[in-house]
S.K.: 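Please see the structure below; I have some questions.
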Amino acid sequence: MAAVEFKNIDKIYSGNTQVVKNFNLKIEDGEFIVFLGPSGCGKSTTLRMLAGLEEISAGEIIIGDDVINNIEPKDRNIAMVFQSYALYPHMTVYENIAFTLKLSGLSKQQIRDKIRPITDMLQLTPLLDRKPRALSGGQRQRVAMGRAMVRTPEVFLFDEPLSNLDAKLRNSMRREIKRLHNKLQKTTIYVTHDQVEAMTLADRIVILRDGFIEQVGTPEEIYQTPANEFVAGFIGSPTMNLIQGKIKKSGEGYIELEGQRLPLPVKDITVLEDQNVLVGIRPCDIHLTAELLEYPFTIKVKVQTCELLGSSIHIETKLGEYTLTVETPSSDLIEEGQVIDLYIDKSKIHIFDSKSGDAIVA
């Protein structure tokens, strides 16, 4: 059993600098959790507290049935893979992977028996006699993973393991990590600032900002129903369009948006009449035709720029004082300077409170 629970965790450094604030999270046995957020949000610090590399200022961390606050890192049965690989340069691949097993007193034959299935799985067996300097970045990362896996830990921790790799290799290693998790079914916590990694790897994503949890949910929940303005703007590329508006009442109600009227996503929202709101619309939910839209409405904009990005075009348009980004197939040809109609399905509108940033209708 390797469920992990954080209870009321704080981390305060000298000078009263608090980087993790009342962190509460229950991670189920075998779950793949991703901590996602901008630099300085507390995600790596939280991971390091779980590993025992940082002291906990307040609260409890529990693995299974055991509170591990005062347990030494080596006794926590956790394996961590770092961004820097942390390989011994003077040792071969085999010696790097075998190092912790050797320290534990296993015989040479026992070590060989434990290492071989791991190196076969990671496609490292032909490289066992090489030293790290003779390996590619992806091969070094697989060695670091092999060294973690050979200990058969209860929990795997990954701290931005792919950030030193080029884009093509990151994609390949991301698939490798997902494949290994599906095979091993070990509880895994993965830290990244890359939303593509988070969306493709995670069972659930934990969005962090300034030491606080902003939202916890599946990738689909995080993307489709962001809890607040920050999550909405952080997840998605291009980022969600966010425009100031005001809720009005006329018939079923509407939002006044830069001189234009947007229908409300739901009818029963009259309590918010005359409230200032932020309207969020993802670029991929804005279309050049109403075809196939269930509840379409129209807004007029002026085209500023068009960027061809292979299969898609990013169109920057002007709506009053705001720039509205549209993502559309590259077959849609638009000229800069045109005034055009854009079509949006009202079910795709997100509304956030202007003051708190919290979602009103998601």
S.K.: For residues T192 and E160, is any side-chain donor paired with an opposing acceptor at under 3.5 Å?
M.R.: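 There is no such pair between these side chains.
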S.K.: Apply side-chain contact (heavy atoms from CB on, under 4.5 Å) to the pair T218 and D203, showing each step before the final yes or no.
M.R.: CA-CA 6 Å; T218 66; D203 295 324; over 6 Å; no
S.K.: Below 30° counts as parallel, above 60° as perpendicular, anything between as tilted: where do the rings of H181 and F32 land?
M.R.: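 Rings of H181 and F32: perpendicular, as their planes differ by over 60°.
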S.K.: How does the hydrophobic cluster around V67 look, that is, which other residues are in it when side-chain heavy atoms under 4.5 Å mark a link?
M.R.: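 Taking Ile, Leu, Val, Met, Phe, Trp and Tyr as members, V67 shares its hydrophobic cluster with I62.
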S.K.: Under the rule for side-chain hydrogen bond (donor to acceptor under 3.5 Å, both in side chains), what residues qualify as partners of S354, not counting sequence neighbours?
M.R.: Q244
S.K.: Could you pull out all residues at least two apart from K246 that satisfy salt bridge (Lys or Arg N to Asp or Glu O under 4.0 Å)?
M.R.: none
S.K.: Of all residues at least two apart in sequence or in a different chain, which pass the salt bridge (Lys or Arg N to Asp or Glu O under 4.0 Å) check with R130?
M.R.: none
S.K.: For residues 72-80, dump all side-chain donor-acceptor pairs below 3.5 Å to protein atoms at least two apart in sequence or in another chain.
M.R.:
unit_1: R76; atom_1: NE; unit_2: I71; atom_2: O; d: 2.8
unit_1: R76; atom_1: NH1; unit_2: M49; atom_2: O; d: 3.0
unit_1: R76; atom_1: NH1; unit_2: L50; atom_2: O; d: 2.9
unit_1: R76; atom_1: NH2; unit_2: I68; atom_2: O; d: 3.0
unit_1: R76; atom_1: NH2; unit_2: N69; atom_2: O; d: 3.3
unit_1: R76; atom_1: NH2; unit_2: I71; atom_2: O; d: 3.1

S.K.: Apply salt bridge (Lys or Arg N to Asp or Glu O under 4.0 Å) to D120 and list each qualifying residue two or more places apart in sequence or on a separate chain.
M.R.: R116
S.K.: Keeping to residues at least two apart or across chains, list the salt bridge (Lys or Arg N to Asp or Glu O under 4.0 Å) pairs with something in residues 291-316.
M.R.: K300-D341
S.K.: For N22, enumerate each residue passing the side-chain hydrogen bond (donor to acceptor under 3.5 Å, both in side chains) test, keeping only those at least two apart in sequence or located in another chain.
M.R.: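 So N22 forms a side-chain hydrogen bond (donor to acceptor under 3.5 Å, both in side chains) with N24.
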S.K.: Could you note down all residue pairs passing salt bridge (Lys or Arg N to Asp or Glu O under 4.0 Å) where residues 274-290 supplies at least one of them, sequence neighbours left out?
M.R.: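 Salt bridge (Lys or Arg N to Asp or Glu O under 4.0 Å) check on residues 274-290 returns K248-D274.
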S.K.: Report the hydrophobic cluster partners of L293, with the cluster defined as I, L, V, M, F, W, Y residues connected by side-chain heavy atoms closer than 4.5 angstrom, directly or transitively.
M.R.: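 Noted: L293 shares its cluster with Y343.
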S.K.: I'd like to know if E31 pairs up with R204 as an ion pair, taking the criterion as any Lys NZ or Arg NE/NH1/NH2 lying under 4.0 Å from an Asp or Glu carboxylate oxygen.
M.R.: yes
S.K.: Going by salt bridge (Lys or Arg N to Asp or Glu O under 4.0 Å), name the residues that satisfy it together with R48, two or more places apart in sequence or in a different chain.
M.R.: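 Residues passing salt bridge (Lys or Arg N to Asp or Glu O under 4.0 Å) with R48: E54.
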S.K.: Among residues at least two apart in sequence or on other chains, which ones pass ring-ring contact (aromatic ring centres under 6.0 Å, His included) with Y88?
M.R.: F99
